[in-house]
Amino acid sequence: MNSFVIDENAIFQRLCILLSQVGIDIDDKVEKAKIRAYVEGLKTVGVNLSRLVSNSALNIFSHPLKSELEKAFENEQFEQDGLSISFTDYSVDKIGALSYAWLTALHTVDLGANGVSWEYIDERKMSFRDIENAKYRWDMIESR
């Protein structure tokens, strides 16, 4: 799925070489941690670019018809107004994955102030990776 595959170790090594040339002590543990964080940031940007590129061909210029969304979201109740979609009844466990598969960043999602709460996330001790794996969009947490 990710067409922007990167070799994390190669990027890390390249950043170490480049940063050492400008005087950064790449043997320092704190500096190495910062470089690893930069690599993670680049990886995230690559994943997001990949999603945007794949979504652009499928959905951005011809977003799904309401009939297609009704079929995909058959057990969820929603209203669609252009790129704005308001859900009134839905499964918390399924809405993230469905939205990820069918809706793009151009779609505005409204869960009627019933999005996954931060308490829900805290109770389950979810990490950022857990949130990403659950496909919870940030605008769907404590949604408007």
Side chain D122, main chain E119, donor-acceptor under 3.5 Å: no

Kindly write out the residues that satisfy ring pair (Phe, Tyr, Trp, His ring centres under 6.0 Å) with F12, not counting sequence neighbours, or none if the list is empty. none

Selection residues 72-81 - residue pairs positive for salt bridge (Lys or Arg N to Asp or Glu O under 4.0 Å), sequence neighbours left out: E76-K94

Pairwise distance CZ(F78) to CG(L98) - rounded to 0.5 angstrom: 10.5 Å

Rounded to the nearest 0.5 Å, what separates atom NZ in K43 from atom CG in D7? 11.5 Å

In this structure, CD1 of I35 is separated from CD1 of I11 (nearest 0.5 Å) by 13.0 Å

For Y120, I'd like to know if atom OH has over 12 heavy atoms of other residues, nucleotides or ligands within 6.0 Å. yes

Anything under 3.5 Å between a donor and an acceptor, one on a side chain of residues 13-30, the other on a protein residue two or more places apart or in another chain? List them.
{"residue": "S20", "atom": "OG", "partner": "C16", "partner atom": "O", "Å": "3.3"}
{"residue": "S20", "atom": "OG", "partner": "I17", "partner atom": "O", "Å": "2.8"}
{"residue": "D25", "atom": "OD1", "partner": "D27", "partner atom": "N", "Å": "3.1"}
{"residue": "D28", "atom": "OD2", "partner": "V30", "partner atom": "N", "Å": "3.3"}
{"residue": "D28", "atom": "OD2", "partner": "E31", "partner atom": "N", "Å": "3.1"}

